[in-house]
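Comments concern the structure below.
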Amino acid sequence: RDFIDGNPVFDIRDMAMNNDPRYIARNDNLVAINAPLEISLWGEIGVERVGTRFYRGVGGQLEFVMGALMSDGGRSIHATVSRKLDTRTGEWVSAIVPELLHPAVTTVPRLLTDIVVTEYGVAHLMGRTERERAAALISVAHPDYRADLADQAKSLLGLGRRTFILDD
């Protein structure tokens, strides 16, 4: 404590200031990199819970996403593995899902989701339609889940088989 107290190298502020998107946005070219638990086909980001299982609390991620997007030249990136091990069932599941598993909540709304990165590529979502978002996310999903995600997207969007095309 003595090393930090009064030391000009350290600038410790209250969370109300540190997590204020307007304060965060003062940093030009700010890139916020966050780790979601689930991403819906529409780009909704869940970071607090998957279904009934609670993982982490509220606060920080949405504020930094907003701050980065308000920053001059800023970007918001959500980096995740394409699939993860469900510790309850012992099975692999997709991190990109048709819809967030109820009762999970959306932490970052789809209109603020900028870039999603997996080991299969980069999906740029900002300003895209639902159909374009779904196609972009399916393209970076694990290959084992892409066909099912495409079928789910068609169903959820009310599209026929020929009207939803994925680029391989």
Side-chain angles (χ1 to χ4, degrees), residues 4 7-51 53-85 93-143 145-146 149-150 152-153 156-157 166-167:
I4 295 173
N7 188 333
V9 172
F10 296 94
D11 185 13
I12 299 174
R13 306 284 174 111
D14 183 82
M15 189 176 92
M17 179 182 224
N18 282 338
N19 282 6
D20 184 334
R22 295 167 297 183
Y23 183 72
I24 295 165
R26 290 183 186 175
N27 298 285
D28 291 346
N29 303 307
L30 178 75
V31 177
I33 301 174
N34 289 295
L37 294 172
E38 287 186 310
I39 305 168
S40 80
L41 285 173
W42 324 123
E44 299 160 312
I45 304 284
V47 301
E48 299 159 41
R49 63 172 55 235
V50 174
R53 188 165 182 191
F54 183 79
Y55 285 87
R56 51 185 98 128
V58 178
Q61 185 154 340
L62 178 60
E63 291 88 343
F64 271 86
V65 166
M66 292 171 60
L69 294 176
M70 292 187 307
S71 166
D72 186 22
R75 300 307 295 257
S76 173
I77 299 171
H78 302 275
T80 186
V81 292
S82 62
R83 68 179 186 165
K84 57 194 174 193
L85 186 64
V93 296
S94 180
I96 298 170
V97 295
E99 297 177 293
L100 299 183
L101 184 61
H102 182 75
V105 295
T106 299
T107 305
V108 178
R110 63 189 183 163
L111 69 121
L112 295 178
T113 303
D114 188 11
I115 298 170
V116 173
V117 177
T118 74
E119 66 273 30
Y120 292 100
V122 178
H124 295 270
L125 304 182
M126 188 63 71
R128 296 239 174 129
T129 67
E130 285 185 336
R131 193 165 154 178
E132 291 168 335
R133 286 168 170 268
L137 286 165
I138 291 166
S139 76
V140 299
H142 191 281
Y145 305 103
R146 289 180 188 169
L149 287 169
Q152 291 287 330
L156 291 167
L157 289 168
L166 294 175
D167 295 327

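Fair warning: this is a prediction, and the values are worked out from it, not measured in the lab. Each residue takes its place number in the sequence, starting with 1.
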For residues [X] and [Y], determine if any side-chain heavy atom of one lies less than 4.5 Å from a side-chain heavy atom of the other.
X	Y	answer
I115	S76	no
N19	F64	yes
S71	V31	no
L62	L112	yes
E130	L156	no
R133	L41	no
L125	H78	no

If you look at every heavy atom in [X] and [Y], which pair is closest and at what distance?
X	Y	value
A104	E38	CB-OE1, 4.2 Å
R146	S139	NH2-O, 3.2 Å
D11	Y23	OD2-OH, 4.5 Å
A136	A123	O-CB, 3.6 Å
Y120	A141	CD1-O, 3.9 Å
V50	L37	CG2-CB, 3.8 Å

Can you tell me how far [atom2] of [Y] sits from [atom1] of [X], rounded to the nearest 0.5 angstrom?
X	Y	atom1	atom2	value
E119	T80	CD	OG1	8.0 Å
L157	Q152	CG	CD	11.0 Å
N34	I45	CG	CD1	9.0 Å
Q61	E48	CD	CD	9.0 Å
H124	I77	NE2	CD1	9.0 Å
I24	L30	CD1	CG	7.5 Å

For the side chain of [X] and the backbone of [Y], is there at least one donor-acceptor N/O pair under 3.5 Å apart?
X	Y	answer
T118	V140	yes
T129	E132	yes
S94	I96	yes
E44	E99	no
S40	L100	no

>> Determine whether R128 and R110 satisfy the following criterion, side-chain contact (heavy atoms from CB on, under 4.5 Å), listing intermediate values before the conclusion.
In response: CA-CA 10 Å; R128 296 239 174 129; R110 63 189 183 163; over 6 Å; no
>> Quick check on M17: does its CE atom have over 12 non-hydrogen neighbours (other residues, nucleotides or ligands) under 6.0 Å away?
In response: yes
